[in-house]
*Asks:* 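Structure in structure tokens, see below.
From a predicted model like this one, the values you see are computed outputs, not experimental measurements. Naming: A, B, ... by sequence-line order, numbering from 1 per chain.
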Protein chains: 2
Amino acid sequence: MRTVTIADVAKHAGVAVSTVSYVLSGKRAISATTRQRVLDSVRVLGYHPNAGARALASKRAKVIALVLPLRAGMNLPVLMQFATSVVTTARQYDHDVLLMTADEGPDGLHRVAASALVDGLLLMDVEIHDPRVPLLRRLAEPAVLIGFPADPEGLTCVDLDFARAGALCADHLADLGRREIVLLGAPSVVYERGTGFAERTMAGFAEAAARHGLKAGAWPCEESFDEVHAAVKRLLDERPGLSGLVVHNEAAAGHVLGALRILGRRVPEDVSVVAICPDDIAERASPALTSVLVPAEDVGRQAVRLLMAKLEGQSVPESTLLEPRLTIRESSR
Amino acid sequence: MRTVTIADVAKHAGVAVSTVSYVLSGKRAISATTRQRVLDSVRVLGYHPNAGARALASKRAKVIALVLPLRAGMNLPVLMQFATSVVTTARQYDHDVLLMTADEGPDGLHRVAASALVDGLLLMDVEIHDPRVPLLRRLAEPAVLIGFPADPEGLTCVDLDFARAGALCADHLADLGRREIVLLGAPSVVYERGTGFAERTMAGFAEAAARHGLKAGAWPCEESFDEVHAAVKRLLDERPGLSGLVVHNEAAAGHVLGALRILGRRVPEDVSVVAICPDDIAERASPALTSVLVPAEDVGRQAVRLLMAKLEGQSVPESTLLEPRLTIRESSR
DNA sequence: GCAGGTCATCGAAGCGCTTCGACGCGAAGG
DNA sequence: CCTTCGCGTCGAAGCGCTTCGATGACCTGC
């Protein structure tokens with residue numbers, strides 16, 4: 001049983017190969033009757049265009065690369081939601097997704113781009129000084145970045161507006177009458193790596209706190225229960241008047257609540273807690289956390305759309321910031 | 001700047017196109033001098049073979065599909081480790097990985113296979129009665145499954161030997177002199193879905209417990225802290241003599257320890273706890289959990305190897321069970 | 001010293017598809 | 001009535017690569 005080719009379809013429908021191609025691509029007008037005949041033949045024979053041949057002739061592989069930082073330190077649920085939404089959205093545009101890990105580095109990107117395996121690139125977890133960015137600028141293939149490098153000039157970047165998110169949290173705590181607040185952030189290694197989003201959150205938070213005249217501070221925060229516990233203990237020792245906490249660290253959020261409980265602080269009576277994390281984590285915590293969600297699905301969808309637009313040759317904004325949304329739950333009032 | 005083709009390389013090296021091809025594929029003997037000349041030209045010109053053309057001519061895309069269950073209920077870190085190891089291993093065989101979500105279903109598999117987009121398939125999270133299995137049997141493309149359907153006849157399946165894992169846990173607890181033990185498993189929805197590994201663990205556990213003459217039981221277990229807490233409370237009420245616990249649920253493992261602490265049971269003095277989960281979770285828990293790790297990386301590597309072997313036309317075992325390893329930590333003695 | 005065999009290389013035929021230019025035909029316009 | 005146009009369709013030329021058979025050149029061994 002040989003695989004069905006476009007020539008088989010053409011013969012079966014009694015038309016030329018090119019006619020079948022035009023029916024399938026819609027790039028030229030075809031009469032309704034012919035179109036229907038061809039479509040029927042396609043169905044009857046179970047025809048699927050050969051991806052390689054199509055790519056070769058059209059110079060479009062209909063595949064995009066998704067470069068994921070498959071290493072420790074990232075929040076997995078978010079990554080997954082993101083990946084899912086990228087795959088789903090790409091399929092809506094009739095594209096598939098090639099999975100790459102960041103540790104293939106710039107060479108890997110160059111390889112898939114140069115071999116025309118993919119038409120475009122989606123890079124996640126872009127760092128401030130990302131070695132891949134200079135390459136991207138040189139590449140013919142369009143790319144969309146999740147996150148912002150130091151100089152986004154000429155690139156296309158998408159992200160949650162973390163500065164607004166940080167500010168939103170501070171605003172909320174201020175509204176609740178909390179006067180002394182602290183931001184518990186990512187593990188210190190993340191800051192050292194210069195991942196932009198952590199810093200932008202801090203900046204937005206600090207700005208809003210200052211605007212409200214609050215006493216505010218920001219601490220990095222590790223992810224194991226013991227380390228979180230120790231950090232919260234130190235925090236409460238240094239800031240006995242602490243009444244508001246923003247946790248920008250998905251893995252630590254649950255532990256923070258546990259630590260506060262053990263250390264005799266009631267949430268939300270004594271301390272209001274707000275997290276910047278995916279909804280599922282916030283909801284599962286006890287008490288449920290007021291949170292600004294990282295809209296991983298939106299980011300993925302938006303990123304794919306931008307990439308598709310670029311593939312069409314349309315021009316797109318350099319920077320797309322997604323508006324954060326605060327959901328109020330039990331942990332703050 | 002047109003992209004460099006094999007013809008450019010041939011001209012630059014002063015040889016025929018086919019010679020370049022043979023140098024690159026190694027499928028025919030080429031003299032050392034010619035080979036070197038060609039390789040130099042490749043380097044100088046920055047040649048990358050066009051993936052589409054290669055696929056078309058050779059009928060090999062050098063891409064495999066990885067079908068991931070990107071939905072709730074799976075353990076994300078494990079999934080990630082697995083995905084990473086698949087991508088890394090595939091690259092070692094000079095293959096790339098196309099990411100697919102399970103929700104494209106059998107049609108999606110058929111599409112990528114029929115369009116020759118991929119040469120083979122790797123399916124994760126195979127269920128007992130998986131609708132994709134009949135399709136796989138019909139497909140020309142080789143496939144490797146992670147997990148076991150009801151009838152693995154004619155397929156190629158890889159998994160941790162969960163029965164041995166369950167038994168290993170029971171053995172360990174018996175060795176410690178624990179006489180009354182319980183297995184806390186996956187959320188009940190997982191059992192209802194008929195995911196084989198959960199049941200096989202239970203079977204192995206029960207068999208070993210019986211062999212040691214232990215009083216044993218098995219409970220499903222949800223994943224939120226509150227539900228875990230409630231379940232553990234109920235468990236202790238019903239089985240006041242409980243002295244050994246096996247937790248086969250990565251998300252709940254940490255919560256179980258917390259619940260025991262709150263309910264006044266010391267670990268490991270009163271209750272020894274063993275988990276079946278990735279090492280990182282076991283290590284991060286407090287006290288650190290004795291655990292049987294799910295060797296996600298091994299599974300991924302092994303699965304890719306099997307798939308590559310099948311692509312070479314070699315015959316491979318229908319079933320590959322990976323031996324579990326128990327790591328003893330603080331939570332049991 | 002020549003038949004037979006290697007070894008290294010070449011040329012050309014596809015692989016299955018897209019796309020461009022051409023063509024025939026009926027309708028519209030002069 | 002003849003030209004012009006546009007619509008629907010066709011044929012053929014690639015796209016860049018692999019692979020098969022062919023061709024010399026060079027050894028062997030009798």
*Asks:* Once hydrogens and angles are ignored, does a donor-acceptor distance under 3.5 Å link the base of C/dT9 to the side chain of B/R28?
*Replies:* yes
*Asks:* Tell me which of B/A53 and B/V17 sits closer to the 5' end of DNA chain C, going by the nucleotide each one is nearest to.
*Replies:* B/V17
*Asks:* Rounded to the nearest angstrom, tell me the gap between atom CD1 in B/I6 and atom P in C/dC10.
*Replies:*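 After rounding, the reported distance stands at 12 Å.
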*Asks:* Hey, which sits more toward the 5' end of DNA chain C by its nearest nucleotide, A/G52 or B/A16?
*Replies:* B/A16
*Asks:* Does C/dT9 have its OP1 or OP2 closer than 4.0 Å to a side-chain nitrogen or oxygen of B/S31?
*Replies:* yes
*Asks:* Between C/dG16 and B/R54, counting only base atoms on the nucleotide and side-chain atoms on the residue, is there a donor-acceptor pair under 3.5 Å?
*Replies:* no
*Asks:* Calculate the interatomic distance between B/D119 atom CG and D/dT18 atom P; express it in whole Å.
*Replies:* 14 Å
*Asks:* Is any side-chain nitrogen or oxygen of A/K27 closer than 4.0 Å to OP1 or OP2 of C/dT18?
*Replies:*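 For C/dT18, OP1/OP2 do not have a side-chain N/O of A/K27 under 4.0 Å.
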*Asks:* Please report, rounded to the nearest Å, how far the P atom of D/dC10 is from the NZ atom of A/K11.
*Replies:*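 To the nearest whole Å, that distance equals 15 Å.
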*Asks:* Any salt bridge between A/D119 and A/K310, counting N to O under 4.0 Å?
*Replies:* no
*Asks:* Does this structure show an ion pair linking A/D40 with A/R37, if we count only N-O contacts that are shorter than 4.0 Å?
*Replies:*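 Result for this pair is no, no salt bridge flagged.
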*Asks:* For B/H48 and A/R35, find the nucleotide of DNA chain D closest to each by heavy atoms; which residue's nucleotide sits nearer the 5' end?
*Replies:*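 Whichever sits nearer the 5' end wins; that is A/R35.
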*Asks:* Kindly say whether A/I30 contributes a backbone atom to a donor-acceptor pair with the side chain of A/T34 at under 3.5 angstrom?
*Replies:* no
*Asks:* Take atom CD1 of B/I30 and atom P of C/dC7, then tell me their distance rounded to the nearest Å.
*Replies:*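 B/I30 atom CD1 is separated from C/dC7 atom P by 13 Å.
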*Asks:* Indicate yes or no: does A/D96 engage A/R91 in a salt bridge with an N to O separation below 4.0 Å.
*Replies:* yes
*Asks:* Give one of base, sugar-phosphate or nothing for B/S18, where a contact means two heavy atoms less than 4.0 Å apart.
*Replies:*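 Here B/S18 touches the bases of the nucleic acid.
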*Asks:* Just the rounded figure in Å: distance from C1' of D/dG16 to CG of A/L56.
*Replies:* 5 Å
*Asks:* Taking atom P of D/dT18 as reference, at what distance in whole Å does atom CG of B/N50 sit?
*Replies:*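 One finds 10 Å between P of D/dT18 and CG of B/N50, rounded.
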*Asks:* Less than 4.0 angstrom from a charged side-chain N to a carboxylate O is my criterion; do B/D8 and B/K11 meet it?
*Replies:*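 Looking at B/D8 and B/K11, the cut-off is not met.
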*Asks:* Is the phosphate of D/dC17 approached by B/Y22 (side-chain N or O, under 4.0 Å from OP1 or OP2)?
*Replies:*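 False: B/Y22 side-chain N/O out of range (4.0 Å or more) of D/dC17 OP1/OP2.
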*Asks:* Answer yes or no: does a side-chain N or O of A/K59 lie under 4.0 Å from OP1 or OP2 of D/dG16?
*Replies:* yes
*Asks:* Using a heavy-atom cut-off of 4.0 Å across all strands, would you classify B/S21 as base, sugar-phosphate, or nothing?
*Replies:*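 Since a base atom lies under 4.0 Å of B/S21, the category is base.
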*Asks:* C/dG16 P sits how many Å from A/Y47 OH, rounded?
*Replies:* 10 Å
